[in-house]
Each structure stands twice: as C-alpha cells, then as structure tokens.
Number of protein chains: 2
Amino acid sequence: MTGVRVGRQMTEMLKGTLEGIVLAILSVQPAYGYDITARLREQGFTDIAEGTVYALLVRIERNGLVEVEKVPSEKGPPRKVYSLNTPGRAYLDEFWVTWGFLADRLGQLKKEGN
Amino acid sequence: MTGVRVGRQMTEMLKGTLEGIVLAILSVQPAYGYDITARLREQGFTDIAEGTVYALLVRIERNGLVEVEKVPSEKGPPRKVYSLNTPGRAYLDEFWVTWGFLADRLGQLKKEGN
DNA sequence: CCCAGTACTTAACGCTACTATGTACCAGTA
DNA sequence: TACTGGTACATAGTAGCGTTAAGTACTGGG
C-alpha cells in the first residue's frame, strides 16, 4: 500500500552494491541508521526500507568493518553512530576495485550494443 | 586482461548484473552456453563456472526473454543457441536504465570520497 | 492521552550466483 | 577396442543479500 515496490532488477543489482554505498557514505563521515536511510532516499533510492539499512549495519558491524558509538538523541531513542575503521576502509577500497572492473566491462558491452 | 578473482564482493555484485551482461552479449548476436562462458572468461570473468551460465540461461528462457534453437555441432552434443526476442530487448533496455542510475550514484559517491 | 516523528531490531522469505556432480557426443590414438 | 580430452548441457543443494512485515521504545505537541 505504502510506496511503490522496488523493481526486481534494482533489488538484485543492489546486492553487493548497497553495502559499498553505505560504506562510502560512512567514509565521508560517521552516521547512524535513520540518517543513512534518509540520505539514501534523498539520493534517489526512494524505496530503500529502513529494515534493509539496519540489517546491513548489523552485518558490517559483525564483520568488523565499523566502530559503533551510542549517542543520546533529543528527539528519540539513542542513536547508534557508525564509523569506518581500518579494515572497513580496506574493504571499501577493494569494493571500488571490484566495482571499477564491473563498470568497465559493462561500459564496454553497452558501447558494443549500439 | 588481469582477471579479477571472484571474491565474495564480486559474487554479490554479479547478482542482477550477470543477467544483464549475458543479455547484452546475446543482443549483439545469438550464442550458446558454452560459447558465452568462454567469452565471459576472455572478458576477464575468469572464474564464472559453466553451471552458473547454464542456470541463468534456463531462467531467462523460462521468463520468455529469449528464443532457443537446437543446432547440431561437429565437435559434440547439439548446441542450444539463444537469441533475444522482443520482450528480451525491452528487458535489456530496462536493465541499462537501472544500471545507469546505479553507476551514476556510485560515480558521485566515489568522487565525494576523494 | 494520543499521535506523529524519531530510532532501532529481527524472523521469515525470495532471488541469485556458486559448488559439485552428472550425462552425453565426438575425434584422435595407442 | 579402450581410453583420453575437448565440447556441450543439466541440476540439486547451499550461502548470501535485500526485502517484507512486524515489533519495541523515546520524545514533544495538540
């Protein structure tokens, strides 16, 4: 009822890339889940659900890519502020390499298609 | 030519995009599974398994995106030659739009990260 | 008191690529 | 004949990711 469903193609394409997107956001400056969700929506990912982001944050924390700090909020429950640590930055670098390769290949394919 | 070793990141990123890659290959000219696998490897996807491609071909056929023709081979069992049909081309166009959006966002994020 | 906005959690689910294994056809060769 | 290697396709089982859907909890204004 609420909101248009994310297309199947986008959903599948986000697998693997959404993680990189969030890490890239965190590499600029620390942030908390609610904020990240809002920023993603501003940037055009209008249909990303909150649950998706929180689940992702749990995972990258479990994988040791981020540090977490609880910060009290004036408007609601305490925020969990995530910041990239050293392994997280290395992982993000790796992500950009992988992405670069893929973007390269697809750029080539698209050119050949026309 | 430096083949990227398929790690976890690449595996996840290929979800959604591998389908588009194969459809893009088919949009240039019809091809069969064994051939597509070989071409992917030539293009740097050195670790794509045959099984992955065949499963994908089964899926896009089931989804009505391709036509299939059995063509005898001189060197082995008959080939199943796949070609894009009209829905397949429409789907590929949609794929490029989705990809374009994602590549755009990530390009922006990468720029901000430096 | 209720409600809207803020903020986080998590089980169940669908989809995709991967792994591993199997079948089958053919040419060369010893 | 038997064996090997290259060609060609099929598929069950598995892991991982994003999504859905439901929930908890804190705050300030009507």
Side-chain angles (χ1 to χ4, degrees), chain A residues 1-23 31-41 45-63 65 68-82 95 98 102, chain B residues 4-23 31-41 45-63 68-82 95 98 102:
Chain A
M1 303 317 235
T2 60
V4 179
R5 235 183 262 161
V6 173
R8 196 189 63 81
Q9 286 189 352
M10 182 60 96
T11 291
E12 291 307 321
M13 249 188 250
L14 281 175
K15 291 184 181 176
T17 59
L18 183 59
E19 185 179 86
I21 290 168
V22 169
L23 291 176
Y32 56 99
Y34 193 79
D35 186 34
I36 293 169
T37 305
R39 285 203 228 169
L40 286 172
R41 290 190 174 148
F45 298 99
T46 51
D47 297 328
I48 300 270
E50 278 191 85
T52 298
V53 174
Y54 287 114
L56 192 156
L57 290 170
V58 166
R59 192 176 75 237
I60 63 178
E61 182 186 359
R62 191 176 58 234
N63 292 352
L65 304 177
V68 191
E69 194 190 357
K70 253 191 179 157
V71 176
S73 165
E74 295 163 358
K75 296 181 181 175
R79 297 165 175 167
K80 285 182 72 175
V81 176
Y82 294 81
F95 168 81
T98 307
L102 210 60
Chain B
V4 169
R5 229 167 92 100
V6 174
R8 195 189 63 78
Q9 287 190 352
M10 182 59 98
T11 292
E12 291 307 322
M13 250 188 251
L14 280 176
K15 292 181 181 177
T17 59
L18 183 59
E19 186 178 86
I21 290 168
V22 169
L23 291 177
Y32 55 99
Y34 191 81
D35 185 35
I36 292 170
T37 305
R39 285 203 228 169
L40 286 171
R41 290 190 174 147
F45 298 99
T46 51
D47 295 330
I48 300 269
E50 278 192 85
T52 299
V53 174
Y54 286 114
L56 193 158
L57 290 171
V58 166
R59 194 175 73 237
I60 63 177
E61 181 185 357
R62 191 176 57 233
N63 293 351
V68 191
E69 193 190 358
K70 252 190 181 158
V71 177
S73 165
E74 294 161 2
K75 296 179 179 176
R79 299 165 173 166
K80 283 182 73 176
V81 176
Y82 293 81
F95 169 81
T98 307
L102 210 60

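Naming convention: chains lettered A, B, ... in sequence-line order (proteins, then strands); numbering from 1 in each chain.
- Among the atoms of the strands shown, only primed sugar atoms or phosphate atoms (P, OP1, OP2) are found under 4.0 Å from some heavy atom of Glu74(B).
- Residue contacts shown for Lys80(B) are limited to sugar-phosphate atoms, with no base heavy atom under 4.0 Å away.
- dA17(C) atom C1' lies 14 Å from atom CD1 of Ile60(B), rounded to whole Å.
- Glu50(B) contributes atom CD, which lies 6.0 Å from atom CZ of Arg41(B) (distance to the nearest 0.5 angstrom).
- Phosphate contact (OP1/OP2 of dA8(D), side-chain N/O of Tyr32(B), threshold under 4.0 Å): present.
- Side chains of Glu19(A) and Arg59(A) form a contact here, defined as non-hydrogen atoms less than 4.5 Å apart.
- Listed candidates were dT6(C), dA17(C), dC9(D). Nearest to the side chain of Tyr34(A) is dT6(C).
- Annotation: of the two residues near DNA chain D, Leu56(A) and Pro77(A), the 5′-most nearest-nucleotide partner is Leu56(A).
- The shortest distance between the side-chain N/O atoms of Tyr54(B) and the OP1/OP2 oxygens of dC9(D) is below 4.0 Å.
- The shortest distance between side-chain heavy atoms of Tyr34(A) and Arg79(A) does not fall below 4.5 Å.
- Nearest-nucleotide mapping onto DNA chain C: of Gly16(B) and Thr52(A), the residue sitting toward the 5' end is Thr52(A).
- Where Ala55(A) and Glu12(A) each meet DNA chain C at their nearest nucleotide, the meeting point lying more 5' is that of Ala55(A).
- Side-chain N/O atoms of Lys15(B) and base N/O atoms of dG18(D) include no donor-acceptor pair closer than 3.5 Å.
- With a 4.5 Å cut-off on side-chain heavy atoms, Phe45(B) and Leu102(A) count as touching.
- Residue Gly33(B) is in sugar-phosphate contact alone, with no base atom involved, counting any heavy-atom pair closer than 4.0 Å across all strands shown.
- Checking Arg59(A) against Ser73(A), the closest nucleotide of DNA chain D that is more toward the 5' end is the one next to Arg59(A).
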